[in-house]
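Here the structure is laid out as structure tokens; the discussion comes afterwards.
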Amino acid sequence: GAPEYKSPEKWDNEDVISTESDIYSFGIVLYEFLTGRVPFPYDQKISAHIAEHELYNAHKKQTPPSIYEIRKKAFERQNPNVVYKKDYPDWLEKAILKCLNKNAKDRFKSGVEFYLFVDYQDLNQKELKELYPYKKYLKQNSHRKLMKFMSKLNEVYKSEEALYVWDYKEEGFSWVD
């Protein structure tokens with residue numbers, strides 16, 4: 001594939017075939033979708049060897065430029081007298097940056113995990129704070145609602161406070177206190 005879409009691990013071993021590597025490339029596509037450019041462009045004005053070395057370093061070591069700043073500059077260039085207001089959700093940028101993590105283990109593990117992350121964005125922090133004390137609420141609601149709740153709770157609180165397990169007898173999730 002094109003060097004702009006290569007995952008950091010692909011730069012070291014072209015034979016690497018993994019879901020995490022594909023997730024990285026997908027993150028580049030999403031980044032490009034929001035910004036109109038890849039995070040680390042190939043410089044065609046310099047020799048191919050130097051350009052690829054720069055791309056290698058960028059993919060291995062650099063943080064992608066801010067999506068917000070790129071969109072802001074583009075918007076304000078087109079609309080000089082209008083102040084840019086962020087027009088995409090924070091969770092989308094968070095998802096893209098997770099896809100573009102340098103460490104493959106820190107990316108989404110699969111397309112399903114990415115989908116679940118996106119699908120769970122309808123719960124906000126206020127709802128979580130209201131729901132957290134109510135274990136009964138969780139037991140009375142659907143499997144899907146519980147999965148959304150647990151995913152968001154773990155994301156927001158960055159903890160293992162809300163552990164749950166599948167209860168085969170009840171055919172649902174149960175709390176682990």
Side-chain angles (χ1 to χ4, degrees), residues 1-125 128 147-148 150-160 162:
E4 294 97 330
Y5 298 86
K6 278 169 81 172
S7 66
E9 57 274 16
K10 277 256 192 214
W11 284 95
D12 293 331
N13 181 356
E14 214 30 71
D15 294 330
V16 169
I17 298 174
S18 70
T19 301
E20 291 86 355
S21 181
D22 291 344
I23 293 288
Y24 185 89
S25 299
F26 179 63
I28 299 283
V29 171
L30 292 174
Y31 184 98
E32 186 176 15
F33 180 74
L34 277 183
T35 64
R37 54 166 270 206
V38 294
F40 310 114
Y42 186 90
D43 188 350
Q44 295 181 347
K45 297 175 188 163
I46 58 177
S47 77
H49 178 72
I50 293 172
E52 289 212 9
H53 180 72
E54 287 180 357
L55 274 179
Y56 169 87
N57 283 328
H59 283 280
K60 299 284 280 182
K61 300 174 186 169
Q62 293 178 16
T63 302
S66 166
I67 292 170
Y68 173 82
E69 290 300 323
I70 292 170
R71 288 181 68 84
K72 180 180 179 203
K73 284 179 189 171
F75 177 85
E76 290 175 352
R77 197 171 31 251
Q78 299 254 338
N79 306 282
N81 298 324
V82 182
V83 176
Y84 173 72
K85 286 172 64 174
K86 191 172 182 181
D87 57 349
Y88 61 94
D90 291 338
W91 62 260
L92 181 56
E93 187 163 1
K94 184 177 181 177
I96 293 169
L97 294 177
K98 184 172 173 88
C99 289
L100 297 179
N101 201 296
K102 303 301 181 198
N103 185 346
K105 293 178 182 175
D106 294 331
R107 295 181 205 137
F108 293 104
K109 305 297 180 251
S110 66
V112 171
E113 186 179 346
F114 178 84
Y115 167 80
L116 291 174
F117 176 85
V118 171
D119 193 43
Y120 297 158
Q121 298 311 311
D122 62 349
L123 282 178
N124 63 39
Q125 266 190 335
L128 286 173
M147 288 297 291
K148 285 183 181 184
M150 300 311 296
S151 173
K152 194 69 170 173
L153 184 66
N154 285 329
E155 176 189 324
V156 170
Y157 292 102
K158 304 277 190 259
S159 74
E160 301 265 347

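What you see below is based on every heavy atom in this structure, not just the backbone, and it leaves out hydrogens, waters and symmetry mates.
With a 4.5 Å cut-off on side-chain heavy atoms, Glu20 and Lys109 count as touching. Residues Tyr24 and Lys10 fail the side-chain proximity criterion, which asks for heavy atoms closer than 4.5 Å. Side chains of Ile46 and His53 form no contact here, defined as non-hydrogen atoms less than 4.5 Å apart. Between Lys94 and Phe117, some side-chain heavy-atom pair lies under the 4.5 Å cut-off. Within the 4.5 Å cutoff, the side chain of Phe40 has no heavy atoms near those of the Leu100 side chain. At a threshold of 4.5 Å between non-hydrogen side-chain atoms, the residues Tyr56 and Pro3 do not count as touching. No side-chain heavy atom of Leu92 sits under 4.5 Å from any side-chain heavy atom of Phe33.
Applying the 6.0 Å contact sphere to NZ of Lys60 captures more than 12 heavy atoms from other residues, nucleotides or ligands.
Under the 3.5 Å distance criterion, the side-chain polar atoms of Lys102 are matched with a main-chain donor or acceptor of Gln62.
Rounding to the nearest 0.5 angstrom, the gap separating the NZ atom in Lys86 from the OH atom in Tyr88 is 4.0 Å. One distance of note links NE2 of His59 with CD of Glu9; it measures 11.0 Å at 0.5 Å rounding. The distance from the CG atom of Asp12 to the NZ atom of Lys6 is 9.5 Å, given to the nearest 0.5 Å. Interatomic distance, OH of Tyr84 versus CZ of Arg77, reported as 13.0 Å (0.5 Å rounding). Ser110 contributes atom OG, which lies 6.5 Å from atom CD1 of Ile23 (distance to the nearest 0.5 angstrom). Going from atom CG of Asn101 over to atom OG of Ser7 covers 12.0 Å, rounded to the nearest 0.5 Å.
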Discussion item. If you apply the rule side-chain contact (heavy atoms from CB on, under 4.5 Å), what do you find for Tyr42 with Glu52, and how did you get there?
Written reply: CA-CA 7 Å; Tyr42 186 90; Glu52 289 212 9; 3.8 Å; yes

Fill in: Pair Tyr31-Leu97, side-chain contact (heavy atoms from CB on, under 4.5 Å): steps then yes or no
CA-CA 9 Å; Tyr31 184 98; Leu97 294 177; 5.6 Å; no

Discussion item. Determine whether Phe114 and Phe26 satisfy the following criterion, ring-ring contact (aromatic ring centres under 6.0 Å, His included), listing intermediate values before the conclusion.
Written reply: CA-CA 11 Å; Phe114 178 84; Phe26 179 63; 5.2 Å; yes

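Between Arg71 and Glu93 there is no salt bridge, since no side-chain N of the basic residue sits under 4.0 Å from a carboxylate O of the acidic one.
In terms of heavy-atom proximity, Pro65 sits nearest to Arg37 at CG-NH2, 3.6 Å. Taking every heavy atom of both residues into account, Pro8 and Arg107 meet most closely at CD-NH2, 3.4 Å.
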